[in-house]
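In what follows, chains are A, B, ... by sequence order, proteins preceding strands, each numbered from 1.
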Amino acid sequence: MLDIQALRNDLAGMAARLATRGFVLDTASFEKWEGIRKNIQTHAQELQAKRNATSKQIGFAKSKGEDVAGIMAEVATLGDELKQAEVLLAEVQSALQNLLEGLPNTPNENVPVGKSAADNVEVRKVGAKPSFDFAVRDHVSLGEGLGGLDFETAAKISGARFSLLKGGLARLHRALAQFMLDTHTDQHGYTEVYVPYLVNAASMRGTGQLPKFEEDLFKVGFGSPVQTLDAANTGQVASFYLIPTAEVPVTNMVRDEIVPLEKLPMKLVAHTPCFRSEAGSAGRDTRGMIRQHQFDKVELVQMVHPDESYVALEQLLGHAETILQKLGLHYRVVKLCTGDIGFSAAMTYDIEVWLPAQDTYREISSCSNFETFQARRMQARFRNAQGKPELLHTLNGSGLAVGRTLVAVLENNQLADGSVVIPEALRPYMGGLEVLRSLE
RNA sequence: GGAGAGGUGGCAGAGUGGUCGAAUGUACCUGACUCGAAAUCAGGCGUAGCGUAUUCCGUUACCGAGGGUUCGAAUCCCUCCCUCUCCGCCA
């Protein structure tokens, strides 16, 4: 969420910044609502002040045994008038709030201006493409050949966009997650956390998935008939959402908290499944395990002092890159342009791993600085040197997407006979196994 | 699932319709005393808004959440959420 003060003070400037990411801010509408809000709020508060003062008088008079009928008559109409004003104010404020929550973050000034992914800037390439003297197979072919990848059974059990791993591949998948967690905790100073996979609407709102991207989420209720968990509070029927990324539960750890200065930076890592409806991506990446309704990810999250957040972003990016380097995978780092960064982000780097079968780089990690955008929604603050609460900065990045890393390992390390060399870094997690061969 | 207790400021803990944004203790900050410290004494010490107003001024809201009763609600009523204790069930 953007700072409403910033919008009031420099509406044109904010609109210009949002325009760089292709978002048209309806300044007329904002100004209209702000004007209305100001009038109504001032009016409502005047009435409240009057009521408070009069009520005090009544109490005072009564305690002295005086007759209060006169004063009572005076405020007889005040109640209705006040109620009306309060209702109106609530409506206007919620309209403003909705408008505000629908605004994306302003890109940092160092983000390259562009319209689409085509304008993203390649920062560096690391490693080299592997060369093969045989026709490369994709991970589906390799996995099925190894007898460890079974989409048909997954489809029977659940449906499209699910996968089922067996034997060495299932273990490799687990090994990858373990390896990533160990690297980040032992070498990068992150604290491992285990978190809920079902979260409430307030958490989704905090990190920016709600209210705008509800269709991307899986929503769960109780068994039939659907019960309501917080119907009285919000009128909503839903009770929980499945997390689309560990970013949601982990970042929300600091929602409504004031973190002591000495606790910053907070560096947390979590391995969780992620659930995405993939609404709107029908037909894309239908083959294989690139785009699934359920996938595992090791997520890095940091809460930092505002002065440190861009240094932290580079570090976090480096932590994610370390995994690829240790696995010997070729990748490139891309800085997203203003037209391609996500709704909540102020700056984002994507890491794209080389996939020989697709002859292209595919996103395997996305590392972002959200500045105060999420913190403002969450009221996540720290106590600054002056002792005052101040919004902190939040960052996160995949370190890495486990499923896609598995794909990359399979495709990049394949041999002519369809077996796969296990990267050395993973062998301790594979019981020393060096080559993954067919189960049969 | 059954029965009971409870959610108040950083923490502890009073307050059951009126000058309560909230006693008191404790922690913390400032000052006095002291060579210095401890102890003691005095003062201060929440958050989010609004008013062209970070600091001074005025004002509103906030005692788990939402709604209601009332001129007036931390206090009464309703709904919900959460925590704790006992029983049952359970990985």
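- Closest contact between the side chain of A:Gln379 and the listed nucleotides B:G21, B:C71, B:A48 involves B:A48.
- Ring pair A:Tyr194/A:Tyr197 is perpendicular by interplanar angle, where above 60° counts as perpendicular and below 30° as parallel.
- Between A:Arg376 and B:A48 there is no side-chain N or O to OP1 or OP2 distance below 4.0 Å.
- If you check B:G49, B:U60, B:G18 against the side chain of A:Gln41, the one that comes closest is B:G49.
- With A:Arg291 contributing its side chain and A:Asp285 its backbone, the two residues share no donor-acceptor pair below 3.5 Å.
- Counting any heavy atom pair closer than 4.0 Å across all strands shown, A:Lys83 reaches sugar-phosphate atoms only and no base atom.
- The same atom, C1', is picked in B:A42 and in B:U60; the two are 33 Å apart, to the nearest Å.
- As judged by a 4.0 angstrom heavy-atom cut-off over every strand, A:Glu390 is placed among residues making no nucleic acid contact.
- In this structure, CG on A:Leu47 lies 11.0 Å from OG1 on A:Thr42, to the nearest 0.5 angstrom.
- Taking the side chain of A:Gln48 as heavy atoms from C-beta on, and the options B:A48, B:A61, B:C71, the nearest nucleotide is B:A61.
- Distance A:Leu47 CG to B:U59 P: 16 Å, rounded to the nearest Å.
- Not one side-chain nitrogen or oxygen of A:Asn52 sits closer than 4.0 Å to the OP1 or OP2 atom of B:U59.
- If you check B:A48, B:G18, B:C50 against the side chain of A:Ile58, the one that comes closest is B:G18.
- Toward the 5′ end of RNA chain B lies the nearest nucleotide of A:Pro389, the other residue of the pair A:Pro389 and A:Ala49 mapping further downstream.
- A close approach under 4.0 Å does not occur between any side-chain nitrogen or oxygen of A:Arg37 and OP1 or OP2 of B:G49.
- A salt bridge links A:Lys219 with A:Glu214; the closest basic N to acidic carboxylate O contact falls under 4.0 Å.
- The distance from atom CD of A:Gln45 to atom C1' of B:A61 is 8 Å, rounded to the nearest whole Å.
- Of the candidates B:U47, B:U19, B:C50, the closest approach to any side-chain atom of A:Lys56 belongs to B:U19.
- For A:Arg383 and B:A27, the CZ to C1' distance is 13 Å, given to the nearest whole Å.
- By the neighbour-count criterion of 12 heavy atoms within 6.0 Å, atom CD of A:Glu424 is sparsely surrounded, having that number or fewer from other residues, nucleotides or ligands.
- Atom NZ of A:Lys388 is separated from atom P of B:U47 by 5 Å (rounded to the nearest Å).
- Contact annotation: A:Arg8 side-chain N/O to B:A53 OP1/OP2 distance is not under 4.0 Å.
- For the pair A:Lys38 NZ and B:U60 P, the interatomic distance rounds to 19 Å; values are reported in whole Å.
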